[in-house]
Amino acid sequence: MAKIGINIATGSLQKEEIIVGIDLGTTNSLVAIIHPETKQPVALKEHNSSSLVPSVVHFDAVGNITVGEEAKKYLVTEPHNTIFSVKRLMGKSYNDIKDNASSFSYKVIDDSNQAMVKVQAGTKFYSPAELSSFILKELKQRAEHILKTPVNKAVITVPAYFNDAQRQATRDAGKLAGLDVLRIVNEPTAASLAYGLGLHKEDDKTIAVYDLGGGTFDISLLKISGGIFEVLSTNGDTYLGGDDIDHAIVKHWLQQAGVSEAALQENKKFAQGIRLQAEAAKIFLSENDNFEKLFNGDKLLISRQTFEKIIQPFVDKTLTCCANALKDAGLKKEAIDVVVMVGGSTRVPLIKESVGAFFGRPVNDSVNPDEVVALGAAIQADILAGNNKDVLLLDITPLSLGIETMGGLMDVLIPRNSKIPNKASRQYTTQKDGQSGMKISVYQGERDMVKDNRKLAAFNLTNIPSMPAGLAKVEVSFLINADGILVVKAKELRSGVEQSIEVKAQQDLTDAELEKMLLDSITNAKEDIATRALVEARTEGEQLLETTEKFIQKNTSHITKEELMQTAAAMQALQLSLTMDDKDLIHTKAEALNGISRPYAERIMDAAISIAMKGKAV
Ligand code: AMP
């Protein structure tokens, strides 16, 4: 099991290269390193500015991209082309986020419920990973500018509840930004490391990490023992944070002045202005008893006492989540040894006190709550660099392991640098009606197309009983034992038919070959991701054509002639776009087809539902 560093510029092995820690946040992101002299973690900042880079990306009319503070200015003036909170979209399909689609002021494309979401800015379509890569690129450049040295390697943090797809999207974002992502680390684990927890082998503790940021709340319960962090449970609310507190203050002021919220919405500039005043009041009240400010000729007033009364319901909500997390982990409050505070909103004294009272112990809040996760990521990076001998380094997989999926894409089941032993599984389905076999081809490598990776093995899962396309549930599982032997199993879950194969994962791969494979994956990241996006767009386009065709055949009598003609024309246009190498064109044509079929599809569905409901008491 190897762990090697490569210098992207020269392609040579390098041990001393700097590895940065990155907190890629919903609202803000930042980058940290271990200071070469003090050996302490520090967040990187330009002179006199904040270490926080707002996670906002703006696209102008001619394709220029700005990130951070600059981009944030466009949130009010150009909401369609200013992307915020992209972290909420990482690794998600439209189906996953449709209930919250209205919270985005930019266009989130809903051309297929199963496929990953895309965002439209101008005439272009971006995946969340691409959008996040712009933020990461900004952080990389910032670090290079401050450190005056190339930065090519990073540890990036994600919430503990992120699933495989979300973690993979984060890795992709790093790769697109030209970063070799050495490890994806859970945010609460990073925060604990920043407090020195888990840095010694004999540490054996149960930790609660309370993370209240600008827009999200997470509580994670962790157990550290023998240098290993285990997530016992997570809970939270993906739409609860400092923004809600600001909003509550605005509401209070409006009530005081007898102004309705609807009136506020009509004047966007005023709404934004008063919101900023509310945030300023909240921050001021963390250290003072009364806030008073003249705004637009009116006096805005709020006391700490009123403020605390207003936010009590939010605090209570977070404590309910804490209670649920304890319940899920099967723990009593007394079992928690340490409570760690993360996120800017935990600066509110009432929040610190309430959380401390809930867990029955004072909270740990000595590290800057905005920076604590990035600082922990830098510590993790330092451990990976081999600089902290005290921490147990587990054996890891040197290259990602996965299988071939539609269009020749590599679908990673066990990412590179994963601990060994390890297991992972994912479900796939059939593409054709009555399909009786499925070929499972196993690959090793970092490239997006399997043809660029190393093929390790292949086998056929046969005897799948006849059923319509998409109904079979084939679970492919990878199991790597402590010796690095990989067992791949495929099982159709409805019928129970299964097949497996044993592979030696690192088959005679030399360090030089390994190094070349890693280097290739980064130098080709841009083209690879573009190809992947094109293949995905084509597959989605083909699927849309197929489902539209089927739907029309089944429901012809309920569709007007005009609708049929328009649909046929849109299908033809989509078909034609599939022959061209332009993913944006395919998305545009798919969107157009959806726009035409959606009204009659909804009409037919509604009719079917009302027939089904007839005669039933509701
Ligand atoms: P984060 O997402 O962790 O960067 O947290 C950002 C949130 O913390 C925003 O809602 C800020 O308004 C809030 N915040 C920052 N400083 C303070 C403070 N002193 N008191 C209360 N909230 C704060």
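Computed from heavy atoms alone, side chains included, the values below leave out hydrogens, waters and symmetry copies. When a ligand or atom number is given, it counts from 1 through the structure's own listing order.
Each of the following atoms of ligand 1 lies closer than 4.0 Å to a heavy atom of Asn28: 4 (O). Using a 4.0 Å cut-off to heavy atoms of Gly343, the atoms of ligand 1 that qualify are 3 (O). Every atom of ligand 1 is numbered from 1 in the order shown, and the set under 4.0 Å from a heavy atom of Asp370 is 1 (P), 3 (O), 4 (O), 5 (O). For ligand 1, the atoms lying closer than 4.0 Å to a non-hydrogen atom of Gly213 are 1 (P), 2 (O), 3 (O), 5 (O), 7 (C). Near Gly214, the atoms of ligand 1 lying under 4.0 angstrom from a non-hydrogen atom of the residue are 1 (P), 2 (O), 5 (O), 6 (C), 7 (C), 9 (C), 10 (O). Close approach of ligand 1 to Val348 (heavy-atom distance below 4.0 Å) involves ligand atoms 21 (C). Taking every non-hydrogen atom of Gly242 and a distance limit under 4.0 Å, the qualifying atoms of ligand 1 come out as 10 (O).
The shortest heavy-atom distance from Ser345 to ligand 1 is under 4.0 Å.
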Please assess Asp96 against Ser93 for the test side-chain contact (heavy atoms from CB on, under 4.5 Å), listing each intermediate value before the final yes or no.
CA-CA 5 Å; Asp96 296 328; Ser93 72; 3.3 Å; yes
Run the ring-ring contact (aromatic ring centres under 6.0 Å, His included) check on Tyr210 and Phe359 step by step: do they pass?
CA-CA 11 Å; Tyr210 179 103; Phe359 285 105; 8.0 Å; no
Report the C-alpha distance between Phe358 and Leu326 in whole Å, list the side-chain angles of each, state the deciding distance to 0.1 Å, and finish with yes or no for side-chain contact (heavy atoms from CB on, under 4.5 Å).
CA-CA 12 Å; Phe358 177 87; Leu326 283 168; 3.9 Å; yes
Take Asp246 and Val250 through the side-chain contact (heavy atoms from CB on, under 4.5 Å) test and state the conclusion after the steps.
CA-CA 6 Å; Asp246 303 343; Val250 171; 5.5 Å; no
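Atom 13 (C) of ligand 1 has as its closest protein heavy atom Lys282 NZ, 3.7 Å. The nearest heavy-atom contact from the protein to atom 11 (C) of ligand 1 is Glu279 OE2, 3.3 Å. Of the protein's non-hydrogen atoms, Ser286 OG, 2.9 Å is the one closest to atom 20 (N) of ligand 1. In terms of protein heavy-atom proximity, atom 3 (O) of ligand 1 is closest to Gly344 N, 3.0 Å.
A side-chain contact (heavy atoms from CB on, under 4.5 Å) with Phe307 is found for one member of Leu350, Asp289, Leu285 and no other, namely Leu285. Exactly one of Val20, Ile135, Leu179, Ile22 qualifies for a side-chain contact (heavy atoms from CB on, under 4.5 Å) with Lys140. That residue is Leu179.
Considering each of Val372, Asn368, Ile311, Ile283, the one bringing a non-hydrogen atom nearest atom 17 (C) of ligand 1 is Ile283.
For ligand 1, one of its N or O atoms has an N or O atom of Arg347 under 3.5 Å away. On a distance-only criterion, Leu212 and ligand 1 share no N/O pair closer than 3.5 Å.
Between Phe295 and Phe270, the two ring planes are tilted [angle within 30° to 60°].
Using modelled atom types and a 3.5 Å distance limit, the side chains of Glu70 and His58 yield no donor-acceptor pair.
Residue Ile146 holds its CD1 atom at 8.5 Å from NE2 of His47, rounded to the nearest 0.5 Å. Ile83 CD1 to Phe134 CZ: the interatomic distance, rounded to the nearest 0.5 Å, is 10.0 Å.
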